[in-house]
Peer 1: 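Submitted below is the structure of interest, expressed as structure tokens.
In the text below, chain A, chain B and the rest are named by the order of the sequence lines, each starting its count at 1.
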Protein chains: 2
Amino acid sequence: MLNYSTSEENYIKAIFHLQHADGTVTTNELAGELRTKPASVTDMMKKLKIKKLVHYEAYHGFRLSNEGKKLALLIIRRHRLWEFFLAEKLRFSWEEVHAVAEDLEHVSSKKLIDKLDEFLGFPRFDPHGDPIPDSHGRIEASKQVCLQDLPLNKTATVGHVSDQSPAMLELLSHKKIGIGTKLEVKRKFGFDNSLEIKIRQQAPINISEQLSKNIFVKYDE
Amino acid sequence: MLNYSTSEENYIKAIFHLQHADGTVTTNELAGELRTKPASVTDMMKKLKIKKLVHYEAYHGFRLSNEGKKLALLIIRRHRLWEFFLAEKLRFSWEEVHAVAEDLEHVSSKKLIDKLDEFLGFPRFDPHGDPIPDSHGRIEASKQVCLQDLPLNKTATVGHVSDQSPAMLELLSHKKIGIGTKLEVKRKFGFDNSLEIKIRQQAPINISEQLSKNIFVKYDE
DNA sequence: AAATATTTTTAGACAAACCTAAATTATTTT
DNA sequence: AAAATAATTTAGGTTTGTCTAAAAATATTT
């Protein structure tokens with residue numbers, strides 16, 4: 001694997017996160033995600049095309065090549081391993097890990113990452129519940145279900161939160177919901193699709209449709 | 001503390017390492033250390049002068065300002081803490097830690113470094129025996145003595161090796177000498193200033209003057 | 001299908017960090 | 001102290017990644 005600049009890596013990672021079902025991403029979406037201008041995106045796509053990391057034809061969007069996907073998974077691996085390290089070993093809070101991992105993920109020594117993985121005991125999920133790709137870029141499909149789709153009175157464990165904005169994290173922390181929280185859905189209100197959920201040893205609480213759509217859980221055994 | 005580019009940080013660190021008794025460094029020395037060209041050094045010195053990190057007058061060398069010294073110690077702190085982490089936690093060998101730490105040292109979160117320090121148990125020396133500045137930039141003067149100056153039959157512990165070239169590290173590893181090795185000088189040969197030294201439970205070995213001048217030890221209590 | 005609006009690309013500039021070659025200043029030799 | 005040598009700086013150019021403003025292509029309305 002060749003060496004890529006921080007900027008190139010950020011573009012690749014952002015494309016990976018934004019890609020739709022068919023893998024395509026538009027210039028404006030990418031510019032928005034990276035807080036840059038569409039013209040800059042076009043410039044970079046030309047470069048990434050030459051480096052064979054994306055497929056790109058002017059005016060028709062772009063998508064990652066196989067090479068590009070491999071790189072994206074490698075960067076995500078680095079990011080999530082560092083997040084795990086920060087939370088687990090350095091006792092950073094959930095909300096803090098992301099920003100620091102954004103910097104650490106660009107240190108590209110393969111040996112560093114593989115040894116870090118080993119040191120951490122080969123964790124399979126980061127502190128937000130997102131799966132960590134292994135050293136070959138294989139990623140576990142976290143077969144989790146959205147809270148909205150969880151049957152009533154079935155206990156499950158929160159394993160993933162898709163929106164990780166500060167506002168979302170604040171709300172979750174207020175409701176005392178985090179990765180690993182065990183809960184069950186007690187009632188579903190058809191009017192606004194809000195849910196009444198029960199967390200062990202706490203009074204039942206209410207969850208809006210919006211929130212429930214962003215919380216993913218795994219059925220308990 | 002403001003944020004500086006990787007390049008600026010590398011210049012500051014290099015000046016710190018090269019500085020003579022009066023703190024000055026020349027353009028050519030710095031260009032050599034950084035494997036760059038003298039013209040590039042001049043460009044950067046103008047910039048660092050504007051940022052008040054160095055004192056600089058054209059044609060008369062330069063030296064770090066107090067701000068610059070503070071920054072240098074911060075970068076050295078990051079570097080040495082990461083070296084300690086790599087060696088101690090990830091089991092990197094002595095020779096490998098430096099290159100990786102060169103990248104990690106530019107991740108500038110203060111909280112990250114202070115938490116890393118705590119996680120590592122506030123180590124005072126890195127794996128090469130160099131002292132680690134504390135969070136205020138205070139650095140311990142390692143009051144160590146060169147092997148050449150160690151009195152006969154006095155046991156001491158290796159605490160620092162000043163030349164860390166691959167050739168040096170190879171020789172040290174062959175002679176089974178490392179940081180923490182306990183030894184004493186048995187004889188001194190005036191002809192070439194070579195030493196006969198004894199390491200616990202090993203046959204006595206010979207050390208050239210050149211080598212002995214690069215090994216620093218602390219008297220045992 | 002023409003007109004309008006939106007998206008994307010091109011053209012041309014800029015800052016950071018580097019370079020080479022030429023000019024300038026400092027140092028050393030004679 | 002002049003000449004020769006060495007060190008340093010200036011001038012002008014390159015690459016990377018960004019920008020703004022204008023042009024071109026695509027998508028949406030009417």
Peer 1: Listed in order of residue number, which residues of residues 35-45 of chain B have a non-hydrogen atom at under 4.0 Å from DNA chain D?
Peer 2: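 B:P38, B:A39, B:T42, in order of number.
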
Peer 1: To the nearest angstrom, how far is B:N10 atom CG from C:dA16 atom P?
Peer 2: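 Distance, rounded to whole Å: 17 Å.
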
Peer 1: Find the distance A:I50:CD1 to D:dT16:C1' and express it as a whole number of Å.
Peer 2: 13 Å

Peer 1: Does the side chain of A:S7 get closer than 4.0 angstrom to OP1 or OP2 of D:dT18 through an N or O atom?
Peer 2: yes

Peer 1: Tell me, please, which residues at least two apart from B:K51 pass side chain to side chain donor-acceptor pair (under 3.5 Å).
Peer 2: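 Counting only residues at least two positions away or on another chain, B:K51 forms a side chain to side chain donor-acceptor pair (under 3.5 Å) with B:E8.
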
Peer 1: So, using side chain to side chain contact (heavy atoms under 4.5 Å, CB included) as the criterion, who are the partners of A:D22 when residues are at least two apart?
Peer 2: A:H20, A:T24

Peer 1: Which residues satisfy the side chain to side chain contact (heavy atoms under 4.5 Å, CB included) test with A:F122, sequence neighbours excluded?
Peer 2: A:D117, A:E118

Peer 1: Would you call the rings of A:F85 and B:F119 parallel, tilted or perpendicular if under 30° counts as parallel and over 60° as perpendicular?
Peer 2: perpendicular

Peer 1: At less than 4.0 Å, is any side-chain N or O atom of B:Y11 found next to OP1 or OP2 of C:dC18? Yes or no.
Peer 2: yes

Peer 1: For DNA chain C, what residues of residues 55-65 of chain A have any heavy atom nearer than 4.0 Å?
Peer 2: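 Result for residues 55-65 of chain A: A:Y56, A:A58, A:Y59, sorted by number.
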
Peer 1: For DNA chain D, which residues of residues 24-32 of chain B approach it to below 4.0 angstrom with any heavy atom?
Peer 2: B:T26, B:T27, B:N28

Peer 1: Rounding to an integer number of Å, can you tell me how far B:K46 NZ sits from C:dA15 C1'?
Peer 2: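 Checked: the NZ to C1' distance equals 15 Å.
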
Peer 1: With A:E9, which residues qualify under salt bridge (charged side-chain N to carboxylate O under 4.0 Å, His left out), at least two apart?
Peer 2: A:R78

Peer 1: Taking only residues two or more places apart in sequence or in another chain, which ones pass side chain to side chain contact (heavy atoms under 4.5 Å, CB included) with A:H174?
Peer 2: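 With neighbours one apart ignored, the set is empty.
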
Peer 1: According to side chain to side chain contact (heavy atoms under 4.5 Å, CB included), who are the partners of A:D103, at least two apart in sequence or on a separate chain?
Peer 2: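 Counting only residues at least two positions away or on another chain, A:D103 forms a side chain to side chain contact (heavy atoms under 4.5 Å, CB included) with B:V107.
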
Peer 1: Using a 6.0 Å cut-off, check whether atom NZ of B:K70 has over 12 heavy atoms from anything other than its own residue.
Peer 2: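 Open.
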
Peer 1: Would you please name every residue forming a salt bridge (charged side-chain N to carboxylate O under 4.0 Å, His left out) with A:K37, sequence neighbours left out?
Peer 2: none

Peer 1: Grab the NZ-P distance between B:K51 and C:dA15 for me, whole Å please.
Peer 2: 14 Å

Peer 1: Taking salt bridge (charged side-chain N to carboxylate O under 4.0 Å, His left out) as the test, write out the residues that go with B:K213, two or more places apart.
Peer 2: B:E209

Peer 1: Report the residues that fulfil salt bridge (charged side-chain N to carboxylate O under 4.0 Å, His left out) with B:D114, sequence neighbours left out, ordered by chain and then residue number.
Peer 2: B:R77, B:K110

